[in-house]
2 protein chains.
Amino acid sequence: MSNITIYDVAREAGVSMATVSRVVNGNPNVKPVTRKKVLDVIERLGYRPNAVARGLASKKTTTVGVIIPDISHVFYAELARGIEDIATMYKYNIILSNSDQTREREFHLINTMLGKQVDGLIFISENVTDTHVDEFKRARIPVVLASSIDKKHEIPSVTIDYRQATFDAITNFIGKGHKRIAMLKGPDTTAGISERKMEGYQDALKAANIPFDENLVISSEYAHEDGLEAFEELWKLDERPTAIFCASDELALACINAAYDHGVDVPNDIEVIGFNDTKLAKMIRPTLTTVVQPTYDIGAVAMRLLTKYMNNEEVEDDTIVLPHHIIFRGSTRDEK
Amino acid sequence: MSNITIYDVAREAGVSMATVSRVVNGNPNVKPVTRKKVLDVIERLGYRPNAVARGLASKKTTTVGVIIPDISHVFYAELARGIEDIATMYKYNIILSNSDQTREREFHLINTMLGKQVDGLIFISENVTDTHVDEFKRARIPVVLASSIDKKHEIPSVTIDYRQATFDAITNFIGKGHKRIAMLKGPDTTAGISERKMEGYQDALKAANIPFDENLVISSEYAHEDGLEAFEELWKLDERPTAIFCASDELALACINAAYDHGVDVPNDIEVIGFNDTKLAKMIRPTLTTVVQPTYDIGAVAMRLLTKYMNNEEVEDDTIVLPHHIIFRGSTRDEK
DNA sequence: TTGAAAGCGCTAACAG
DNA sequence: CTGTTAGCGCTTTCAA
């Protein structure tokens, strides 16, 4: 016994498929009596429209692709939640895949998602290269970058001002007299947000005439264990840092833990600022001073923007920059 | 200009659609020369098969639905990662949706996913009722529960032995002389894993002839703030607990933080054991003693099981119970 | 307000 | 080894 189709409903209700299709899709051009009749049959038969057939006929699947580095990282998980909530609101479903930031995976995923005829794509990656941009332009569907940017801003994106945010944090350190400020910058890429953060770091130092010391800058992934290693490296230095700026809360948390393990007091011996204000920030002691990136909102706004493109709505601004701020908690001292 | 189809490739290569279909699907019944010719045209035209059309014709979409309470919670995020990795391995994509454990959302999602013709479904929920079971049985696709169970074990599932795990943890506490052991049990449901944990708690007490005190048991969600509140409640008691067992690491972490805020020392004044061994456990100080539920593996095994059903492979066991253990870290004292 | 009919792009017999 | 031919279940003109 096969599934029940629109044809069965039509026959049973004594109308044509077209009419059934109309009532299912809420087309107003159906006489109320007819609508009721059809609705009853649908109810009775337990008819459920086949979205695949519908997708083939209408060329719309009401599903969007989401390519994300790693859903098991708090930051990305919160981003994803923002995306999914708005998607739900607009009746879209999400195909979610982890790329691990590998170019190969990324392109493979873009391809399979296009093959699955997603109506739009949200792409998240540290490194959006020209090749990515070409691929997105060739795709016949809208693409929005979330918490990611391409160098030339050719693809619509939702971010914060990473340079400025970092500049603010470093300047705060400088204002408290710090001269040796370490930077756990995140991955080494060529065109990502970690470059923007690096700019902010250097600009802040320059503005205060503090010489740049490359020993104080460490590249790594964003995970906890990377932070642990980085801290050890910094601790081997002859001139140790007195403040650390971290490109993620996980890294910052790792620094706090490593400090604790070394018997170093945070914030009195060393101050730490994180990035993202993930749930972690409030879940640790001392609580973490961190740059608030409205993670959930970035996801939500990115998805909202995508819906506008998908529905050919007017959009004023292709590159949305959300506000950021620093929230001061226990891992930094009060300003003098 | 419309997208390029299998028909275009066929015409261009001077073969039939069927032949193109064969080479695309790796059917061996194609002469190497023909295959090469077709492949070249595909390459040249940049042909990409339309998965929707394929899905309609073959009745297979190579996508599975995943209904999860909340992807922004570490535990579920790790579960999801396990699911997705194995899905990738078997060339499936995932439609991921958050249910927030609402019955309404859950049923709505089951419905839309069936409408989208997913080949299988992974369902995660604290509370799998008979109505859920009926729905799953009516679906014409395999369903696997991950870290979830239905009372009568009618639906295939992958879990650990929650009762035993809790029993072990409580028994450990008892072995160290604790008499007043609190339990943050998780949500109040009628048929979920938090009931199993509760059984373990009570059985352990009973085995040691320790009277049950309902004031020591607190129901809540699994989040950090819930734990904070629960701790306050416990702290108001005339006879405070000397040990706390928490149904999630977030709850345990909250207890540690609340204790810290009260100037109470963990583990010397009070011991804490968590559940799940999420990344959090190692990311806090003191590090967290916790019941190791192989979260990623549960997801992975559940997905693997689902692939077996989808491919009509032989499966020996419908309900898989993975091993658990307790990992002792800083939030508990050494055994005397 | 309704129905007929032509696809959407592909797979899957069935022939040859 | 290759081609022909039906569909898959639905949307969408176009007429009526």
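Below, chains carry the letters A, B, ... as their sequence lines are ordered, and counting in each starts from 1.
Distance NZ (B/Lys60) to P (D/dG9): 13 Å, rounded to an integer number of Å. As a whole-Å value, the separation of A/Asn27 CG from C/dT2 C1' is 11 Å. In this structure, B/Asn50 atom CG and C/dG9 atom P are separated by 7 Å, rounded to whole Å. Rounded to an integer number of Å, the gap from A/Ile6 CD1 to D/dC10 C1' is 6 Å. Straight-line distance from the CG atom of A/Leu56 to the C1' atom of D/dG7: 12 Å, rounded to whole Å. Between B/Arg48 atom CZ and C/dG9 atom P the separation is 14 Å, expressed in whole Å. If you take CD1 of B/Ile4 and C1' of C/dC8, they are 15 Å apart, rounded to a whole angstrom. Residue A/Gln117 contributes atom CD, which lies 19 Å from atom P of D/dC10 at whole-angstrom precision.
Under 4.0 Å is where a charged nitrogen must lie from a carboxylate oxygen, and between B/Arg81 and B/Glu78 no such pair does.
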For nucleotides 12-16 of chain D, tabulate all protein N/O to nucleotide N/O atom pairs closer than 3.5 Å, reporting atom names and distance.
none

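For the pair B/Lys116 (side chain) and A/Thr61 (backbone), a donor-acceptor distance under 3.5 Å is present. Of the possible donor and acceptor atoms, none in the side chain of B/Asp8 sits under 3.5 Å from a partner among the backbone N and O of B/Ile4.
Counting non-hydrogen atoms under 4.0 angstrom, A/Asn29 reaches a base of the nucleic acid. Residue A/Val15 is classed as a sugar-phosphate contact, given heavy-atom separations below 4.0 Å to backbone atoms only.
Considering only heavy atoms from C-beta on, A/Val20 stays 4.5 Å or farther from A/Met17 through its side chain.
At the phosphate of C/dG9, OP1 or OP2 sits under 4.0 Å from a side-chain N or O atom of A/Lys59. OP1 or OP2 of D/dG3 lies within a sub-4.0 Å distance of a side-chain N or O belonging to B/Thr19. Residue B/Tyr7 places no side-chain N or O under 4.0 Å from the OP1 or OP2 atom of C/dG7.
Listed nucleotides: C/dG3, D/dG3, D/dC1. Nearest to the side chain of B/Lys31: D/dC1. Nearest nucleotide to the side chain of A/Ser16, out of C/dT11, C/dG3, C/dT2: C/dG3.
Defined by atom type and a distance below 3.5 Å, a donor-acceptor pair is present between the side-chain atoms of B/Tyr296 and B/Asp85. A/Tyr309 and A/Asp318 share a donor-acceptor pair across their side chains, judged by distance under 3.5 Å alone.
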Verdict with reasoning, B/Glu12 to B/Tyr47, per side-chain hydrogen bond (donor to acceptor under 3.5 Å, both in side chains):
CA-CA 12 Å; B/Glu12 202 71 8; B/Tyr47 168 68; over 6 Å; no
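Nucleotides of DNA chain C nearest to A/Pro32 and B/Arg54 differ in position, and the one nearer the 5' end is that of A/Pro32.
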